[in-house]
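A quick write-up on the structure given underneath.
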Amino acid sequence: QVHLVESGGGLVQAGGSLSVSCAASGRTFSSLTMGWFRQAPGKEREFVAAISRNGYSIYVGDSVKGRFTISRDNAKNSVYLRMNGLKPEDTAVYYCAAKIGPFDANDLAQYDYWGQGTQVTVSS
């Protein structure tokens with residue numbers, strides 16, 4: 001089992017930046033592909049970004065490409081999402097997810113474990 005805990009969400013003004021973090025426990029972190037997803041009210045959960053086990057490969061969703069950056073620190077069992085140039089449409093609950101095994105970037109169904117999410121609200 002893998003337990004994921006997100007942190008760092010909050011309220012930010014449009015155009016601003018925010019970083020969210022996810023701490024993992026319960027399994028060797030370097031064996032996990034990690035991803036971020038988000039879900040706005042009334043909408044389906046959407047892929048945001050993913051990073052391979054050793055951090056060498058990344059994939060970022062089209063809606064956030066060029067603005068968001070995913071990274072990981074395997075020594076700290078953590079994955080991060082740096083969000084720049086935030087827009088009101090980025091408002092959502094952001095979820096950390098883990099997939100056992102090799103990099104498979106954007107398929108939600110492939111992820112095995114999920115955090116509880118952290119709310120990010122972008123005001124205009």
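One is the number of the first residue; the rest follow in order along the sequence. Below, all heavy atoms of this structure are taken into account, side chains as well, without hydrogens, waters or symmetry copies.
Looking at heavy atoms from C-beta onward, L4 lies out of side-chain contact with E6 at the 4.5 angstrom threshold. Between S78 and S21, every side-chain heavy-atom pair lies at or beyond the 4.5 Å cut-off.
When all heavy atoms of A49 and L81 are compared, the closest pair comes out as CB-CD1, 4.2 Å. Heavy-atom minimum distance, A50 versus Y111: CB-OH, 3.4 Å. Minimum interatomic distance between V12 and S17 (heavy atoms only, all atoms of both residues): CG2-O, 3.8 Å. Closest non-hydrogen pair, F47 versus G61, comes out as CE2-N, 3.6 Å. Of all non-hydrogen atoms in M34 and I70, the two that sit nearest each other are O-CD1, 4.0 Å. Taking each heavy atom of S30 and N74 in turn, the nearest pair found is CB-ND2, 3.6 Å.
In the hydrophobic clustering of ILVMFWY residues, with side-chain heavy atoms under 4.5 Å counting as a link, V48 and V122 come out together. In this structure, I100 is a member of the same hydrophobic cluster as F29, with clusters built from ILVMFWY side-chain heavy atoms closer than 4.5 Å. Under a hydrophobic-cluster definition in which Ile, Leu, Val, Met, Phe, Trp and Tyr are linked whenever side-chain heavy atoms come within less than 4.5 Å, directly or via other members, I51 and L108 are assigned to different clusters.
Counting non-hydrogen atoms of neighbouring residues, nucleotides and ligands closer than 6.0 angstrom, the CD atom of Q119 exceeds 12 such neighbours.
For the side chain to side chain contact (heavy atoms under 4.5 Å, CB included) with K99, the qualifying choice from L32, V2, T33 is T33, the only one to do so. Checked options W36, W114, Y80; the residue passing with C96 is W36 (criterion: side chain to side chain contact (heavy atoms under 4.5 Å, CB included)).
Between D112 atom CG and Q1 atom CD the span is 9.5 Å, to the nearest 0.5 Å. Summarising the geometry, atom CD belonging to Q39 is positioned 7.0 Å from atom CD belonging to E44; distances are rounded to the nearest 0.5 Å. Atom OH of residue Y113 and atom CZ of residue R27 lie 6.0 Å apart, to the nearest 0.5 angstrom. Taking CG of L11 as the reference point, atom OG of S123 lies at 5.0 Å (rounded to 0.5 Å). Rounding to the nearest 0.5 Å gives a distance of 10.0 Å between CG of N84 and CG of L18. The distance from the CG atom of D62 to the CD atom of E46 is 9.5 Å, given to the nearest 0.5 Å.
Taking the six-membered ring for Trp, Y56 and F103 have ring centres at least 6.0 Å apart. Ring centroid separation for the pair Y95 and F37 does not come in under the 6.0 Å cut-off.
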Trace of the salt bridge (Lys or Arg N to Asp or Glu O under 4.0 Å) decision for R38 with D90: CA-CA 9 Å; R38 67 185 184 183; D90 294 319; 2.8 Å; yes
Test side-chain contact (heavy atoms from CB on, under 4.5 Å) applied to Y59 and N106, step by step: CA-CA 8 Å; Y59 187 79; N106 63 350; 3.8 Å; yes
Intermediate values then yes/no, side-chain contact (heavy atoms from CB on, under 4.5 Å), E89 and T91: CA-CA 5 Å; E89 53 262 44; T91 295; over 6 Å; no
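S52 places a side-chain N or O within donor-acceptor distance of the main-chain N or O of S57, the cut-off being under 3.5 Å. With hydrogens and angles disregarded, a donor-acceptor distance shorter than 3.5 Å links the side chain of T118 to the backbone of G9.
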